[in-house]
Each structure stands twice: as structure tokens, then as C-alpha cells.
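For clarity, every value in this text was computed on a predicted model and none was experimentally measured. Chain A is the first sequence line, chain B the second, and so forth, proteins listed ahead of strands; every chain is numbered from 1.
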Amino acid sequence: MEKQYLVIVESPTKAKTIRKFLPKNFIVEASVGHIRDLPQSAADTPLKYKKEPWARLGINVDQDFEPLYIIPKDKTKIIADLKAKLKDADELYLATDEDREGESISWHLTEILKPKCPVKRMVFHEITKSAIESALKHTRQVDVKLVRAQETRRILDRLVGFTVSPVLWKKVAFGLSAGRVQSVALRLMVERERQRMRFKKANYWDVLADVAFSGKNFDARLIAIKDKRIAQGKDFDETTGMLKEAKDLLVLGEKEVQAIIGRVSKAAWTVTSVEEKQSTSKPSAPFITSTLQQEGSRKLHLSTRDVMRTAQSLYEQGFITYMRTDSPNLSQDALAEARVIVEKTYGKDYLSDAPRQFTAKSKGAQEAHEAIRPAGTFTPPEKTGLTGKELDLYTLIWRRTLASQMSEAQKSSMSVRISADDATFSATGTKIVFPGFLKAYDEGLESGDASWGTEALLPALKTGDALSLKEAAAQAHETKPPARFTEASIVQAMEKAGIGRPSTYASVISTLLDRKYVLRNSGALVPTFTGFAVTQLLEKHFDNLVDLEFTSKMEESLDEIAEGQLDHLKYLKEFYLGKKGLKEITDQKDKEIGMEN
DNA sequence: CAGTGAGCGAGCTTCCGCTTGACTT
């Protein structure tokens, strides 16, 4: 009889795809994410353990931090199904994602399914027939050290969350929360708001002139009087509203500007210098979760949740690859397909000389998946039959992927100096000589459409040319405080700091909104009084936890644990039970903070 | 005697990260 194999992946959609690449004697099933976890709340804790002093944490902190794992209700049926399928299998292939969490899922599966047949760990980074066949041949064993690193991460997050949150219930308000990720994200927003509150507005004036040369009009702006430069926004200090120190600049008021206009209106306008520069720009990397959320927000005005919901639907319909990823990498198949479509759609001139490959920028990237790109044969958007948000998002992904394999854009910029009486004016123009990738995708644009009609052109000028003044107008300016975070920009900031993962960016924002730590105000996230109070308390008493560096330091330790260079118990003991450990600090602060009130 | 309600004590809230549906707004 033919041998039977059971392959387990994380996502049901992925299982469906892989099934097509494998013979009938391979049964492919999904774990649907994690299958075991610490109890989510007291209600989930088995009666047997409820009396234990550590039951509330779900971790026996005095007994080597032994975690209490339970199977969540919604996973019991999945486990039963997997067990039944395993009965008929001669071999088990664990094909969960190749990252810390995926390794852990594989380990939990062996713990629960207790397979009697041989077990092999297989990994692949792209879902193609050749990649899967190769993965089947190159299996390994579950990496127990990597599993330890995941478990340590899980325990640390629970300890932080369930130790610090109760302090907030006592000192601020019932039901609040703190955590390694959410509290730092909140702090970023609070700090930005403090900057805004400290901000002092500055006012200054300048002159915008409408000038003409051989029948063509263009704008020129006042930049200096008698070689003394005019102050611009960036020259003012944000917290004092005064000119930054050691700047010998001219801050103009309305009266002075009117006097200048009077002088230059009667003067001769002459070009004193012309500088031309050629430049090229390269396309951005294909989408990863964070950049998709940013561009979905900027170009399509969708919330991070909306972006993810829509992408999930596109994924399930087979239009795009997996939407939770931190890798901008394109598979060999995808590269080839993208290049074929670029040539077909835009012509050979628009194809980059060589395939372009991108690497992850953020520190914590685990790169278990590919970039978010059109799946299979890159169906052109108009042939997908999609509508509404789905069509818009797919079009964005399709264009961004193609752009990544297109030629550079070539620009030519011209910078001109003009003198009139004692004043110097400046005009700049940019011309796109060759649009290249901009034809498919222009990041600078707010709408989804690509276009390169935004260039500001100057006539062909040379030194000594005489210009005619049409109009000179006084313009008032005031400096602006730093902008509040939006959903998109906070995700960008979190990713840069290595805080949170692609699967959690959207839910972290939801938590902050749920707790009323921040409010949504026409796109901006505005910290509330509660948000300020919580941040202030955490900064004062748990400063290391809300430090931007905390997660990156933790990641370093987890890496050492995964490599066997650091003992996970030593790390956890020091973090929680050590002299300056979380437990000691919390007990001490509990009393301290109480005294203040 | 039955019904009411003050007073008391017990139990609960919370984390991050991996996946979908089942549910509500």
C-alpha cells in the first residue's frame, strides 16, 4: 500500500494551495495559528490550578517559570481533526513558518499530537512546486533552542503585562493595561503631544514673485537681501519660537516686505546664475505589512484594520501572497513574472537592467514569508473581476510590485538665482526626463493613480537674461508643530524601533483606542488624559520597560537563547526575581505610589 | 413568617503573537 503523509501548515489557505502541488497521498492540514497558550483569563484556568499562588500569571515563577499551557476552546476541534488524520499517516511533516513562532507551533503540535510515526520539520519561503519539493527532501528536526526563545518571549510578555497592569488598576483606573509593545507605542504618541504643547509658533514673511521670460511665467521666491539670508521655517527653534542660535539671518515683518516689494517693482530683474543637475531615483521595495498599511492609508484612506481585512480577502481568493510579512523579498518565479509583465505593459525601456532584490530594513525582521505581491501570473487588475476596496488595494500591490523591477526615473533640476535691486530671488524647476518606474507607481502622490505631471518647469534660462516682473506678493508664514501620529505613521515608527510584529500592528492601535489612551481625530491619534497619566506613571516607576530600547535588548537576549549562549532561566530570573527585577520593583512601587496619593 | 436590603467577601480585569471565523457596531 502507498505511504500516507500528513503535512501541517499554519494557514488553511496555504494548505489549500500546497495541496495542489503534492500527490494525493499527502494530506495537507492547517493548525490555524497557535494551538496552545497560557490561559487568557482566570476563566480559562483549570480548577486544579486556581488555588496556586501563581495561577493568575499562568506561570509557576518559583518553579523554573514553568508555563501552564492550555488548549483554547476554538482549537479543540482542530486538534481532534489533526489527531484523526495522524492515525492513518506514516510520516508527519511539520511545515509551520520558519520563524520563532512557527518553530514553537511545531513543537506544541508534537507535544499534543504525540505522533508515533517519524516526524520531520520542513520549511519553505515561497509557495511553488519546486520550493515545496525541495523542502520535502531537506527536512530537519524541531529546533528546541528556538522554541525556548519563543517561550521566553511569551513568558516575559505575560510577566510584564500581568504585573504592571494591576498597578494601573490601583493607581489610575479599573481595566487599564500596560505591555511591552502597547506602552511604548503610547509613549511615542504622548511624547509627540508634549513636543506640540511645548511648541512656540514663529511668524515670518517673504515675497513670492511671478516673473516671465519670453512669454513663460514662473515663480521666484525671495531668499536674501544684500547677501543676508531670509529666515525660513527650519531656522526657528520649536520650543522657543525664536531663531536658532548662531544664525545670522533676517526675519522679515510685513512692513519690511512691503518696502522690499516697492523697491524690486521698479528694479531690473536679472538672472545671475543657473545651475542644472541630473538625478535619478530608484523604486521602493515591494510591499511588506507595514508599508502596505502606510500606503493603503495614504493613497486609499483605509485604516490599518481595513487594509488587513481587505488583504486577507485578496489572499483567500488567491490574488496575492501572504499579507503578514516583514520580508520585501520576491521569489525567483515572481521576479521572472514581474519582469515579463513590465515588458508587456510598459515596454523594454522600462525594465530595470537586472532583477532588483531588496532586504529587510527593520531590526527584528524574521523573514519567514515573501513580500506582499500578486500571486501566480500577476493577473492585471482590470481582469480580476474585483471591485471597490479590493480592486483598489490589489491595483496598488500590482503596481508597486512591477515598479520594483522597473528602470530608474531620470530627473533634471534647474536652480536659478535672480537679482532685483538689493534682493536675491530663487526659482527651481524639475523636469522628468524619463519616468521609469514612476509610470507604474509614484509614492509621492496621494491618489492611487500613477502620473508624473507634477513637475514644475522653468523656461530655458541663462546668466544675464532679463526677466519681467508680473506681480510680487507678500506672504505670511507661521511655523507648524510636529504632526501627530496617524495609524500609518505610528506603525512606521513601531517597525523602525522593532516593536510589535506584522500580525499585531493593527491590534495594538485598537487596544490603545479601546482603553481610551488615544482618540481618533480625523486621521490623527490624540493621547487622552488617561494616556498621559499612564505614560507618566510608567516613565516614573518602570522607566526601563517604556524605553524604546527595551525590545531590541530583549531580542538580543532571545537570539542568544536561540543560539544556546544564554540560559533562558537565568534571563527570566534576573528579569523578574532579581534584585532590581520586575517583582521587587512592583512590590516596592505599590507602597510608594500609594503614599503619594 | 416572608421579604427586603445592608454589609461583606470573592472573583475579575490585564500581556504578545500566530491564525480564522463568529459576532456586533
Do any side-chain nitrogens or oxygens of Gln150(A) fall under 4.0 Å of OP1 or OP2 in dG17(B)?
no
Between dC18(B), dT13(B), dT20(B), which nucleotide gets closest to the side-chain atoms of His34(A)?
dC18(B)
Could you tell me whether the phosphate oxygens of dT19(B), OP1 or OP2, come under 4.0 Å of any side-chain nitrogen or oxygen in Ser11(A)?
no
Output the rounded distance in Å from NZ (Lys171(A)) to C1' (dT14(B)).
17 Å
Under 4.0 Å between a side-chain N/O of Arg515(A) and OP1 or OP2 of dC15(B), yes or no?
yes
Quick one: which of dT20(B), dT19(B), dT14(B) gets closest to the side chain of Phe162(A)?
dT14(B)
Report yes if at least one side-chain N or O of Arg324(A) is closer than 4.0 Å to OP1 or OP2 of dT19(B); otherwise report no.
yes
Tell me yes or no: between the side chains of Ser177(A) and Arg515(A), is some donor less than 3.5 Å from an acceptor?
yes
Note, DNA chain B 5' to 3' with Watson-Crick or G-U pairs under 3.5 Å encoded as ( ), [ ], | and . gives .........................
Could you please name the option among dC15(B), dC12(B), dT20(B) that lies closest to any side-chain atom of Pro12(A)?
dT20(B)
Flag, side chain of Thr528(A) to backbone of Lys516(A), donor-acceptor distance under 3.5 Å
yes
Taking only the side-chain heavy atoms of Lys50(A) (C-beta and beyond), determine which of dT20(B), dC12(B), dG17(B) contains the nearest atom.
dC12(B)
Is any side-chain nitrogen or oxygen of Thr504(A) closer than 4.0 Å to OP1 or OP2 of dC16(B)?
no
Mapping Gly102(A) and Ser165(A) to their closest nucleotides on DNA chain B, which lands nearer the 5' end?
Ser165(A)
Using a cut-off of strictly less than 4.0 Å, decide whether Ser41(A) has a side-chain nitrogen or oxygen near OP1 or OP2 of dT13(B).
yes
Heavy atoms from C-beta onward define the side chain here; which of dC16(B), dC15(B), dT19(B) lies closest to that of Arg180(A)?
dC16(B)
Is the number of heavy atoms from other residues, nucleotides or ligands within 6.0 Å of NZ (Lys50(A)) greater than 12?
yes
Cut-off 3.5 Å, side chains only: do Thr96(A) and Ser106(A) have a donor facing an acceptor?
yes
The salt bridge (charged side-chain N to carboxylate O under 4.0 Å, His left out) partner of Glu91(A) among Lys116(A), Arg121(A), Lys120(A) is Lys120(A)
Arg520(A) side, atom CZ; Ser303(A) side, atom OG - distance, nearest 0.5 Å
6.0 Å
What is the nucleic acid contact for Tyr322(A), judged by heavy atoms within less than 4.0 Å: base, sugar-phosphate only, or nothing?
sugar-phosphate
Using a 4.0 Å heavy-atom cut-off, does Asp97(A) contact any base of the nucleic acid, only the sugar-phosphate backbone, or nothing at all?
sugar-phosphate
Does the side chain of Thr163(A) get closer than 4.0 angstrom to OP1 or OP2 of dT14(B) through an N or O atom?
no
Kindly indicate whether the side chain of Arg501(A) and the base of dC16(B) share any N or O donor-acceptor pair separated by less than 3.5 Å?
no
Is there a side-chain contact between Leu22(A) and Leu136(A) in this structure, where contact means two heavy atoms from C-beta onward sitting under 4.5 Å apart?
yes
So Gln40(A), base contact, sugar-phosphate only, or nothing? Heavy-atom distance under 4.0 Å.
base
Could you check whether Val160(A) gets within reach of a base, just the sugar-phosphate, or nothing at all, counting any heavy atom under 4.0 Å?
nothing
Is it true that Glu556(A) and Ser552(A) share a donor-acceptor pair across their side chains at a distance under 3.5 Å?
no
Should Trp169(A) be counted as stacked on dT13(B), where stacking needs a ring-centre gap under 5.5 Å and an angle between planes under 30 degrees?
yes
